[in-house]
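Step one of this worksheet: look at the structure below.
Just so it is clear, the values below take in all heavy atoms, side chains as well, and ignore hydrogens, waters and symmetry mates.
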Amino acid sequence: VYLGANMGDNPSFKEATIALGRWIAKNGLILVYGGSKMGLMGVLGDTVLEYGGQAHGIMPQFLKDREIAYERLTSMTIVETMAERKTAMLEQGELFIALPGGLGILEEISEVIAAARVGKLDKPCVFFNLNGYYDAMKAMLDTIGCSWFLEAETAAKFLFTDDFSEIKAFV
């Protein structure tokens with residue numbers, strides 16, 4: 001899961017994060033995320049653990065040194081760089097979900113898209129499109145596809161929704 005290390009400006013971001021954490025735990029999935037205790041990342045870790053799930057963090061040493069690591073997670077992998085973190089998340093993830101967030105989330109989910117595009121990743125990717133947050137991203141991917149820069153079979157790996165039943169059916 002890719003999500004912000006701050007809370008954002010809308011209470012619905014926190015509500016959606018809690019709902020996702022419950023859904024992950026309820027469905028016996030293991031959360032793999034950046035491992036921070038800050039912002040929405042901390043809310044997600046708290047919720048997954050509170051509902052009996054497992055949460056695994058992947059964090060570069062320099063962020064751990066800033067004391068933002070979530071110490072109560074089921075497990076934590078410390079890497080040296082952000083590039084290593086992204087690679088580890090791609091390797092360990094089975095389903096990629098982007099909640100509303102900032103430029104870091106956009107960069108990370110773009111790497112998932114790029115990996116799918118070149119055939120290095122054959123796993124589903126969900127844009128948690130709360131209140132239309134990712135409508136512009138969907139429009140951009142549609143434009144790329146209509147311009148023949150994104151094949152239909154690759155585009156079919158991406159889902160834009162905030163409905164957990166649609167996510168479950170997609171996986």
Could you grab the distance from atom [atom1] of [X] to atom [atom2] of [Y], nearest 0.5 Å is fine?
X      : Y      : atom1 : atom2 : result
Lys64  : Ser36  : NZ    : OG    : 13.0 Å
Ile68  : Met59  : CD1   : CE    : 4.5 Å
Phe158 : Leu141 : CZ    : CG    : 6.5 Å
Thr77  : Gln92  : OG1   : CD    : 5.5 Å
Leu44  : Leu49  : CG    : CG    : 9.0 Å

Taking all non-hydrogen atoms of both residues, which atom of [X] and which atom of [Y] are closest, and how far apart?
X     : Y     : answer
Leu3  : Met41 : O-CG, 3.6 Å
Phe96 : Leu90 : CZ-O, 3.7 Å
Met89 : Tyr2  : CE-CE2, 3.6 Å
Met76 : Ala69 : CE-CB, 4.0 Å

Side chain to side chain contact (heavy atoms under 4.5 Å, CB included) with Met7: which residues, sequence neighbours excluded?
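Side chain to side chain contact (heavy atoms under 4.5 Å, CB included) list for Met7, sorted by chain: Lys14, Leu40, Val43.
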Quiz question: by atom type and distance under 3.5 Å, do the side chains of [X] and [Y] form a donor-acceptor pair?
X      : Y      : result
Thr74  : His56  : no
Asp163 : Thr161 : no
Asn129 : Lys138 : no

Among Glu153, Glu151, Glu111, exactly one meets salt bridge (charged side-chain N to carboxylate O under 4.0 Å, His left out) together with Arg117. Which residue is that?
Glu151
Before we go on, tell me: are the rings of Tyr70 and Tyr33 under 6.0 Å apart, centre to centre?
no
Determine whether the aromatic ring centres of residues Tyr134 and Phe160 are separated by less than 6.0 angstrom.
no
Among Leu95, Ile109, Ile97, side-chain contact (heavy atoms from CB on, under 4.5 Å) partner for Cys125:
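Between Cys125 and the candidates, side-chain contact (heavy atoms from CB on, under 4.5 Å) is satisfied uniquely by Ile109.
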Is any side-chain N of the basic residue among Lys37 and Asp46 closer than 4.0 Å to the acidic one's carboxylate O?
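Salt bridge between Lys37 and Asp46, a charged N being under 4.0 Å from a carboxylate O: no.
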